[in-house]
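In the text below, chain A, chain B and the rest are named by the order of the sequence lines, each starting its count at 1.
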Amino acid sequence: MKNVIKNMVTNAAGLAFKNGLLPSDAIPDMEIEEPRHENHGDFSTNFAMVSASVQKMPPRKIAEILLASIEDPDGIIDKMEIAGPGFINFFLAPKAWYPFVQKIHQKGGSFGESNTGQGIKVQVEFVSANPTGPLHIGHGRGAAIGDAVGNILAFSGFDVQKEYYINDSGRQIRTLGRSVWLRLCLLLGKEIEFPEDCYQGDYIRDIAKELYQLTCSQYFAVASKSRNEVSQFRDEKKDISQLDKTDLEPTASMGEYLLGKPEAEAVEICAKYAADKILQGIKDDLVDFGVEFDRWFSEQSLYDSGKVQDAIKEFQSKGVIYEKDGALWFKTESFGDEKDRVVVRNNGLTTYFASDIAYHTEKFNRGFDRVIDVWGADHHGYINRINAAIEASGRKREQFDVILVQLVNLLRGGLPVAMSTRSGEFVTLKEIVDEVGKDAARFIFLSRSYDSGLDFDLEVAKEQTAENPVYYVQYVHARIAGIVTKACEQGILSDPADISEVANDLQILRLLAEPEELKLIKTLASFPEVIKKSADILHPHIVFTYLMSLASAFHGYYNRHKVITGHKELTMARLCLVCSVKQVIHNALNLLGVSAPERM
RNA sequence: GCGCUCGUAGCCCAGUGGAUAAGGCGUCAGCCUCCGAAGCUGAAGACCGCUGGUUCGAUUCCAGUCGAGCGCACCA
């Protein structure tokens, strides 16, 4: 609808210029907005004000000329007025709105879709937690946001791929292996201290215990299954199942077997087993949370395929990498970073930044026009250096966005829950989902801008009251489902599908004349614009805000008017309206990964 | 010290240049013989952290300042 108004204004300006009423044919960057106050109309534009300087006329004068030139052959405008410093307000006729109800019934689940993305290939990378421990609440917020952003972009016509980057290389994986190995040694009765710099969590003990209890043949069965399911990314040569099996007694316990191995080898086996196990757990938890990735990408694979070295060489040949103090430095400072950064240390080992450069180069080489990373706010210091890598590899900075998600405070009944990864005391995402449910958790994560920190209170999230916005919205969906059921029981509808037939009859829709009904339709009509804006600014929470206002408009209507009345045609028209509300609620919740229940 | 994000009602939060700053919680007063009260209606409550600047117009942009969180490795 905004576009319709905008075209009217643009055409009127052109006409006025042609007729010599306006000195310039310049079309400024105007806004068509929905005014805050209803008595300012359905839409208003600042055209006259932003044109004042180029037209060299007072805004109100321009507005008068423009109004005289507006053409409205379909009569969708009831009234136009000039207000304040030069706003032009448009009051639309009710008949302008009814076609949106038809459109919702026609398009169903695809109402709100657009092709603004024009098939541009975009990758959204999110979560990407190290496979050294289970996901926690912070990962949950990132998962909800990344998933929703991906959904919204896809709905807006982008070709979206969701990806998880697995940091399966480097020191933290060795530490993981050592942690499991040492726990295993303790289980086997060795008298050692468990070091502080190892992972302390109970899940490490569980994994050690598992290894301890498995026989060698069982172990290989698990390892090989796990490889097939989890680790298609992993290079064959590195895989645990490639170890020499001939020195194994199939019935011997893995614990005994590992004890007989040199420590380095035992640690490596523990590391790979544990990383696979934990990654499988992460995958399961994400599925329970409603998140599915299109691709799982291994950091190790970048080393195995030589892409890290390739990236370094490429940058050397471009002259953006130099040697100093025995290390290789990337000139990130000349791309806007605070200082240059090391990519290869003087001991010959690459830094994490080196594989990050290779990974981001790889993303674009895979054909993505646009890359979006979702990071925890504690990583904000890396934006500049990744930007540097993007530019140095010949891409444009606009092709890369980082969504920085501020941290989550976990509370229970208003009191902070102690969270310390080092001590292993933390609440996992799985525990949260089990306790409060997927829908409530996701909805809370998406309830506000990721620019702000979030307090997540387990008690509040669990309550099925007005405190909890998810039920407020889902309730609308369930309530409408209840009304339709009722209508069928009373024989008003023989089949719910009949409603869509009625939607084609504008004469019947015209019976929707109550102010609350028009307000509902206007809210429904703005859904595509909300999606467009959300995709544009990469902020999913505005879909949340929209859902709240739509739900509010519906509840207000419901409490004031009966849908099922003695008037047959009016009843059909209202059924039509509430079913379109149900559809849009469904579409919006779907984008956020929240279910739309028929009853609750 | 430098950088990033954020300061809007007792509490939470929306609003990325427009006309009287939007909701929710909490408080107070009401609404179920009637399609689902997980709902609705009304009242009270805000010099949009502070000071300047840009603009016809600033909660919004810029500079400074105060406060909160998070970062500032040849760690990952």
Quiz item: Would a distance-only check, ignoring hydrogens and angles, find a side-chain to backbone donor-acceptor pair under 3.5 Å from Thr351(A) to Val342(A)?
Solution: yes

Quiz item: What nucleic acid atoms does Ala478(A) come within less than 4.0 Å of, heavy atoms only: base, sugar-phosphate, or nothing?
Solution: base

Quiz prompt | Gap in Å between the two C1' atoms, one belonging to G7(B) and one to U60(B), rounded | solution = 14 Å

Exercise. Report yes or no: is the ring centroid of His379(A) under 5.5 Å from the six-membered base ring centroid of G71(B), with the two planes under 30 degrees?
Key: no

Quiz item: Parallel, tilted or perpendicular: which fits the ring planes of Phe554(A) and Tyr557(A), with parallel below 30° and perpendicular above 60°?
Solution: perpendicular

Quiz item: Whole Å only: how far is the CG atom of Asn384(A) from the C1' atom of C2(B)?
Solution: 12 Å

Practice problem: Determine whether the aromatic ring centres of Phe445(A) and Phe456(A) lie less than 6.0 Å apart. | Solution: yes

Exercise. For Ser298(A) and Ser301(A), indicate whether the former's side chain and the latter's backbone hold a donor-acceptor pair under 3.5 Å.
Key: yes

Practice problem: Determine the interatomic distance between P on A9(B) and the same-named atom on C47(B); round to the nearest Å. | Solution: 7 Å

Quiz item: How do Glu299(A) and Asn89(A) order along RNA chain B: which one's closest nucleotide is nearer the 5' end?
Solution: Asn89(A)

Self-check item: Lys339(A), nearest nucleotide to its side chain (from C74(B), C40(B), C35(B))
Solution: C74(B)

Quiz item: Any N or O donor-acceptor pair linking the side chain of His380(A) to the base of C70(B) at under 3.5 Å?
Solution: yes

Quiz item: Less than 6.0 Å separating the ring centroids of Tyr165(A) and Tyr359(A)?
Solution: yes

Exercise. Both distances under 3.5 Å, Watson-Crick or G-U wobble: report the partner of A43(B), or none.
Key: U27(B)

Quiz prompt | U59(B): pairing nucleotide in any strand, Watson-Crick or G-U under 3.5 angstrom | solution = none

Quiz prompt | Pair assignment for G64(B), Watson-Crick or G-U wobble, requiring both distances under 3.5 Å | solution = C50(B)

Quiz item: Within the structure shown, what part of the strands sits under 4.0 Å from His561(A) by heavy-atom distance: base, sugar-phosphate, or nothing?
Solution: base

Quiz item: Atom NE2 of His37(A) to atom P of U20(B): distance rounded to whole Å?
Solution: 7 Å

Quiz prompt | Syn/anti label of C11(B) as read from its glycosidic torsion, with the cut at 90° from 0 | solution = anti

Quiz item: Is the shortest side-chain N/O distance from Tyr558(A) to OP1 or OP2 of C32(B) below 4.0 Å?
Solution: no

Quiz prompt | Polar pair under 3.5 Å, donor/acceptor by atom type, side chain Ser44(A), base A19(B) | solution = yes

Quiz item: Expressed in angstrom and rounded to an integer, what is the separation of Ile444(A) atom CD1 from G24(B) atom C1'?
Solution: 13 Å

Exercise. Please state whether the rings of Phe443(A) and Phe544(A) are parallel, tilted or perpendicular, taking 30° and 60° as the class boundaries.
Key: tilted

Quiz item: Using a cut-off of 4.0 Å on non-hydrogen atoms, how would the nucleic acid contact of Lys486(A) be classed: base, sugar-phosphate, or nothing?
Solution: sugar-phosphate

Quiz item: In terms of side-chain heavy atoms, does Ser156(A) have a donor or acceptor partner in Thr116(A) at a distance below 3.5 Å?
Solution: no

Quiz item: What is the distance, rounded to the nearest whole Å, between atom CD of Gln406(A) and atom C1' of U5(B)?
Solution: 4 Å

Self-check item: Interatomic distance at C1', G52(B) relative to C70(B), whole Å
Solution: 29 Å

Quiz item: Paired with G17(B) by Watson-Crick or G-U wobble geometry, both distances under 3.5 Å: which nucleotide is it?
Solution: none

Self-check item: Gap between atoms OH and C1', on Tyr472(A) and C25(B) respectively (whole Å)
Solution: 13 Å

Exercise. Rounded to whole angstrom, note down the C1' distance from G36(B) over to A14(B).
Key: 29 Å

Self-check item: Touch class at under 4.0 angstrom, heavy-atom based, for His555(A) against every strand present
Solution: sugar-phosphate

Quiz item: Among A19(B), A76(B), C35(B), which nucleotide sits nearest the side chain of Gln172(A)?
Solution: A76(B)

Quiz prompt | Value in whole Å for how far the C1' atom of C74(B) lies from CG of Asn346(A) | solution = 6 Å

Can you check nucleotides 7-18 of chain B for protein contacts, nitrogen or oxygen pairs under 3.5 Å, and list what you find?
{"from": "C12(B)", "atom 1": "O2'", "to": "Arg448(A)", "atom 2": "NH1", "distance (Å)": "3.2"}
{"from": "C12(B)", "atom 1": "O2'", "to": "Arg448(A)", "atom 2": "NH2", "distance (Å)": "3.2"}
{"from": "A14(B)", "atom 1": "OP1", "to": "Ser449(A)", "atom 2": "N", "distance (Å)": "3.2"}
{"from": "A14(B)", "atom 1": "O3'", "to": "His541(A)", "atom 2": "NE2", "distance (Å)": "3.4"}
{"from": "G15(B)", "atom 1": "OP1", "to": "His541(A)", "atom 2": "NE2", "distance (Å)": "2.9"}
{"from": "U16(B)", "atom 1": "OP1", "to": "Lys533(A)", "atom 2": "NZ", "distance (Å)": "2.7"}

Quiz item: Which is true for Glu598(A) with a 4.0 Å heavy-atom rule: it touches a base, it touches only sugar-phosphate, or it touches nothing?
Solution: base

Quiz item: What about Phe315(A) and Phe330(A), are their ring centers closer than 6.0 Å?
Solution: yes

Quiz item: Touch check for Ala83(A), heavy atoms < 4.0 angstrom, all strands: base, sugar-phosphate only, or nothing?
Solution: base

Quiz item: Can you check whether Tyr475(A) has a side-chain N or O nearer than 4.0 Å to OP1 or OP2 of A38(B)?
Solution: yes

Quiz item: Using a cut-off of 4.0 Å on non-hydrogen atoms, how would the nucleic acid contact of Ser169(A) be classed: base, sugar-phosphate, or nothing?
Solution: sugar-phosphate

Quiz item: Whole-Å distance between A37(B) P and Met600(A) CE?
Solution: 12 Å

Quiz item: When you compare C61(B) with C2(B), how far apart are their C1' atoms, in angstrom units rounded to a whole number?
Solution: 24 Å

Self-check item: C56(B) and G64(B), which share atom name P, separated by this distance in whole Å
Solution: 24 Å

Self-check item: Contact nearer the 5' end of RNA chain B, comparing Ala551(A) with Gly326(A)
Solution: Ala551(A)

Self-check item: Atom-to-atom span, CD of Glu34(A) to C1' of A22(B) - whole angstrom
Solution: 13 Å

Quiz item: Is there a side-chain contact between Cys488(A) and Pro496(A), using heavy atoms and a 4.5 Å cut-off?
Solution: yes

Exercise. Only counting residues at least two apart or in another chain, list the ones meeting ring-ring contact (aromatic ring centres under 6.0 Å, His included) with Phe43(A).
Key: none

Self-check item: Any donor-acceptor N/O pair, Tyr164(A) side chain to Ala129(A) backbone, under 3.5 Å
Solution: yes

Self-check item: Watson-Crick/G-U partner (both atom distances under 3.5 Å) of G71(B)
Solution: C2(B)

Exercise. Determine the contact category for Arg599(A): base if any of its heavy atoms lies under 4.0 Å from a base atom, sugar-phosphate if only primed atoms, P, OP1 or OP2 are that close, otherwise nothing.
Key: base

Practice problem: Would you mind classifying the nucleic acid contact of Asp340(A) as base, sugar-phosphate or nothing, using non-hydrogen atoms under 4.0 angstrom? | Solution: nothing

Quiz prompt | C35(B) to A29(B) separation - C1' atoms, rounded to the nearest Å | solution = 28 Å

Practice problem: Between A37(B), C4(B), A19(B), spot the one nearest the side chain of His40(A), thanks. | Solution: A19(B)

Quiz item: Using atom C1' of each nucleotide, how far apart are U51(B) and G26(B) to the nearest Å?
Solution: 34 Å

Quiz item: Can you find a donor-acceptor pair, distance only, under 3.5 Å between Asp378(A) side chain and G71(B) base?
Solution: no

